[in-house]
Structure formats: C-alpha cells, structure tokens
Chemist: 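Pasting in a structure now, in structure tokens, and then I'll have a few things to ask.
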Protein chains: 2
Amino acid sequence: MRARNKIRAISGGRQTLTIGQVAQLSGVGIETIRFYEREGLIPEPPRRESGYRDYPPEVVKRIQFIKKAQELGFSLKDAKELLSLRIKPNTTCAVVKTKASQKIASIDEKIQDLERMKSALAKLTTACDERGPISECPILDAVEAGIFQAQSKGEKR
Amino acid sequence: MRARNKIRAISGGRQTLTIGQVAQLSGVGIETIRFYEREGLIPEPPRRESGYRDYPPEVVKRIQFIKKAQELGFSLKDAKELLSLRIKPNTTCAVVKTKASQKIASIDEKIQDLERMKSALAKLTTACDERGPISECPILDAVEAGIFQAQSKGEKR
DNA sequence: TTACGGCCTGTACCCCACTACAGGGTCAAT
DNA sequence: ATTGACCCTGTAGTGGGGTACAGGCCGTAA
C-alpha cells in the first residue's frame with residue numbers, strides 16, 4: 001500500500017509520467033488527456049514497451065494553459081492556435097508577429113470588458129452602502145446604459 | 001399607414017419591439033432569444049392580442065450583456081446570477097455585497113490571467129524582433145515556467 | 001383576397017468538450 | 001501466482017448552448 005508510488009516518477013528516478021500522474025498533476029481526467037491528444041492539443045507521447053504513454057513533465061503545464069485559456073473564454077481551437085504560436089526557423093517573423101498582435105488585441109478587449117463589469121459591480125456595492133433612493137439594479141442600469149456598446153459615444157443614462 | 005415596418009417601433013410611435021427586431025438589434029438569432037426566455041435569462045415579455053411577444057427595448061442590452069459575459073468565460077448560469085444581483089427591498093445588503101465581491105474577485109483573477117497571457121505574447125514578438133538565439137516558443141516557455149500556477153507563491157519566474 | 005414575410009409552439013437535431021463504459025492487457029505487491 | 005490498481009483501444013452517451021424545421025396563425029402591401 002505504497003501511496004508513494006504516485007509520485008515516484010516526480011521525486012526521483014524516472015523523469016517521465018504516466019497518464020494517470022499527468023491527470024492528477026494537471027487536474028483533469030485521464031480521458032480528457034487522451035481527448036486532447038486526439039484533437040492535437042498535446043503531442044502524442046512516446047510509448048513504453050507495454051504500450052503505456054510515457055509523458056515528459058512539461059505536458060502538465062501545457063494542459064494547465066489549455067484549461068486557463070478555456071476559463072478565459074477561448075475555445076480549444078483558440079488554445080491550440082495560441083500554443084502553436086512560435087518562432088520556427090522557416091516561419092517568417094512577420095507572420096508570427098501579426099498573429100500575436102491579433103491575439104493581444106483580443107485579450108485587451110476582454111480585459112476592457114472585464115473592467116467594465118467590475119466597475120458595474122463596484123457601483124452595486126457602493127449603492128448598497130449608501131442605502132439611498134437608488135435604483136434597485138445598478139448592473140442592469142449599466143447594461144442599459146450600454147456599458148459594452150455605447151461606451152465610446154459619451155452617452156449617459 | 002405605418003411604413004418602414006422594421007424601424008417603426010424604434011424611431012417613433014410604439015415603444016416596443018418584436019422578437020425579430022430584438023434579434024437584429026442584439027445580434028443573435030430569434031431562436032436564441034426564445035431559448036434565453038425558456039432558461040430564465042430574460043423575462044417573459046407581454047404579448048399582443050395576436051400572441052406576438054412585445055419587447056421593451058431594454059431587453060437588447062440585457063442580451064448583449066449575456067453575450068459579453070459568455071465571451072469572457074462565464075456560463076449562462078453565471079450570467080443569470082450576475083444579472084440577478086440587485087438590491088431588492090427585502091434582500092439584505094450584506095448578501096448582495098458578499099455575492100458582488102465574490103464576482104469581483106473572480107473577475108480580477110481573469111484579468112490577471114489575461115495580463116499574463118498578454119505578456120507572454122509580447123515576449124514572443126520581442127523575441128521575434130531581436131532574432132537572437134532565443135527559444136523557439138516563448139509562450140510555452142512561459143507556460144513551462146508556470147505562469148498561471150506558481151505566480152502567487154512568490155516563486156521564480 | 002391573395003401573397004408573403006414574420007411570428008407562434010413543439011420537437012428534433014447539431015457542435016463542442018468532455019465522460020463513461022466494455023473488453024482486455026500491464027505492473028507491483030502480496 | 002494472484003490480486004487489484006492502472007493502462008490500452010474503441011465506441012457511446014452527456015450537458016451546455018444553441019439551431020433547424022414542421023405546421024400553422026398574423027399582418028399588410030398589392
């Protein structure tokens with residue numbers, strides 16, 4: 001009953017991981033890892049004689065990146081694109097830069113939107129403090145003022 | 001005698017919208033609107049004698065908010081919660097504040113993660129400019145350095 | 001009054017991202 | 001040698017979030 005078994009590969013000896021270890025370390029299910037492999041999100045790992053997948057530890061970070069990207073509203077396809085953005089000898093720099101700056105732009109947009117949401121929520125708590133004769137739903141007020149749409153037009157409610 | 005059917009309700013006369021008009025203005029399909037209604041994301045609108053849904057214009061902003069929230073990695077359930085955060089006469093202020101600050105915290109986390117992604121991408125373009133003997137995949141480097149995991153623990157970067 | 005687009009309900013179907021078996025081989029401790 | 005956890009391939013099913021009809025009523029310009 002050696003629970004130590006689980007971390008054997010990490011703490012010493014062998015430098016590779018089984019799929020189960022990868023799953024545990026990255027916080028996803030085994031099936032998800034095989035799914036990502038099928039979808040080309042993570043590379044096919046080498047196999048042992050037994051046919052077992054033999055993972056390098058880096059794959060854990062890659063999977064965590066994928067999960068993060070998803071939480072931030074990117075699809076798996078987006079995540080794949082992000083991960084494949086790299087400088088390869090025969091890729092022109094211009095191409096990489098173009099793609100990267102597109103991604104940066106879309107990230108900036110998300111950040112802006114999140115900031116607007118955040119300030120709407122902040123307004124809500126403030127209104128709560130003041131307990132004055134304030135509208136009963138500041139978020140909707142913000143929404144109705146077009147927080148995401150009319151922002152740059154200088155409109156007000 | 002009402003001409004210009006499509007914008008009639010918007011430009012003058014009647015202050016309400018048909019489902020088709022709402023769809024067009026908010027950039028989603030008609031079926032999506034009915035779906036949101038079934039799911040309780042937008043209130044059931046009053047009906048005309050004909051049975052047609054008769055929307056107040058505010059619903060457009062509400063739908064746009066829902067769409068934005070989705071793009072930012074919130075589920076429809078999350079969006080519903082965000083929209084229902086309001087100060088009602090019989091809701092205690094404390095409850096609202098607690099929920100709001102939880103939402104704000106999760107938004108802040110998203111912003112942090114996006115900033116980290118962004119800087120990884122920025123590094124990529126810089127590396128590209130310098131054309132030096134730099135790693136071929138800065139994003140993965142960042143990932144491998146645990147940009148999302150080790151950050152808050154004061155670990156190396 | 002007819003044509004034709006818009007709206008109604010209801011049901012079925014679709015894509016994405018998993019998740020769960022079934023049936024069978026592997027590995028390490030007992 | 002056996003046990004039981006772990007891994008394999010393959011296929012099927014699930015839940016979220018829509019999307020697409022079918023069959024039928026409404027509304028209005030010609």
Side-chain angles (χ1 to χ4, degrees), chain A residues 1-9 13-14 16-42 44-55 59 63-81, chain B residues 1-10 13-14 16-42 44-55 59 63 65-81:
Chain A
M1 294 205 176
R2 293 172 53 92
R4 194 54 66 98
N5 172 336
K6 292 258 154 138
I7 24 176
R8 156 189 60 100
R14 191 191 267 291
T16 59
L17 303 172
T18 66
I19 195 168
Q21 290 166 338
V22 172
Q24 223 184 336
L25 290 170
S26 50
V28 303
I30 287 176
E31 308 295 339
T32 301
I33 295 173
R34 291 201 276 250
F35 172 74
Y36 285 173
E37 183 180 318
R38 282 198 300 283
E39 300 293 308
L41 283 151
I42 55 176
E44 286 187 33
R47 303 294 183 112
R48 301 188 190 167
E49 277 94 85
S50 60
Y52 282 27
R53 289 172 178 79
D54 209 15
Y55 289 100
V59 78
I63 292 169
Q64 286 169 346
F65 177 89
I66 294 165
K67 284 281 145 200
K68 267 307 171 192
Q70 275 187 297
E71 281 169 34
L72 298 171
F74 294 99
S75 65
L76 289 187
K77 191 162 157 278
D78 292 329
K80 198 174 167 181
E81 268 180 50
Chain B
M1 304 319 180
R2 296 175 198 136
R4 225 158 281 105
N5 188 339
K6 292 259 161 163
I7 23 176
R8 158 186 57 103
I10 305 153
R14 193 190 265 292
T16 57
L17 303 171
T18 66
I19 194 168
Q21 290 166 338
V22 172
Q24 222 183 337
L25 290 170
S26 50
V28 303
I30 288 176
E31 307 296 340
T32 301
I33 295 173
R34 290 200 277 248
F35 172 74
Y36 285 173
E37 184 180 319
R38 280 198 299 284
E39 300 295 307
L41 283 150
I42 54 177
E44 286 187 32
R47 304 293 184 112
R48 300 187 189 168
E49 278 93 84
S50 60
Y52 282 25
R53 287 172 180 79
D54 209 14
Y55 288 100
V59 78
I63 292 169
F65 177 89
I66 294 165
K67 283 282 146 198
K68 265 311 169 192
Q70 272 188 301
E71 282 170 32
L72 299 172
F74 294 100
S75 65
L76 290 187
K77 190 161 157 279
D78 292 329
K80 197 172 167 181
E81 268 180 52

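First the proteins, then the strands, lettered A, B, ... as listed; each starts at 1.
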Chemist: Let me know the distance between CZ of B:Arg48 and P of D:dC26, rounded to the nearest Å.
Modeler: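 Distance check: B:Arg48 CZ to D:dC26 P gives 14 Å.
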Chemist: Distance check, rounded to the nearest 0.5 Å: A:Ile66 atom CD1 versus A:Lys80 atom NZ?
Modeler: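 Answer for the CD1-NZ pair, A:Ile66 versus A:Lys80, is 10.5 Å.
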Chemist: Quick one: salt bridge (Lys or Arg N to Asp or Glu O under 4.0 Å) pairs with a partner in residues 16-26 of chain B, sequence neighbours left out?
Modeler: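 Sorted result for residues 16-26 of chain B: empty, none.
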Chemist: How close or far is atom P of C:dT9 from atom CD1 of B:Ile33, stated in whole angstroms?
Modeler: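 It is 13 Å, rounded to the nearest whole Å.
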Chemist: I'd like to compare against my own output: the B/S/- annotation of nucleotides 8-19 of chain D with a strict under-4.0 Å heavy-atom distance to protein.
Modeler: SB-------BBS
Chemist: Output all residues satisfying side chain to side chain contact (heavy atoms under 4.5 Å, CB included) with B:Glu71, sequence neighbours left out; order by chain, then residue number.
Modeler: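 In terms of side chain to side chain contact (heavy atoms under 4.5 Å, CB included), with neighbours along the sequence ignored, B:Glu71 is linked to B:Lys68.
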Chemist: How far does CG of A:Leu41 sit from CD1 of A:Ile33, to the nearest 0.5 angstrom?
Modeler: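 A:Leu41 atom CG to A:Ile33 atom CD1 measures 12.0 Å (nearest 0.5 Å).
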Chemist: Which whole-number value in Å describes the distance from B:Glu49 CD to D:dC25 P?
Modeler: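 Distance, rounded to whole Å: 18 Å.
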Chemist: Give, for atom OG1 of A:Thr32 and atom NZ of A:Lys67, the distance between the pair rounded to the nearest 0.5 Å.
Modeler: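 If I round to the nearest 0.5 Å, the distance is 6.0 Å.
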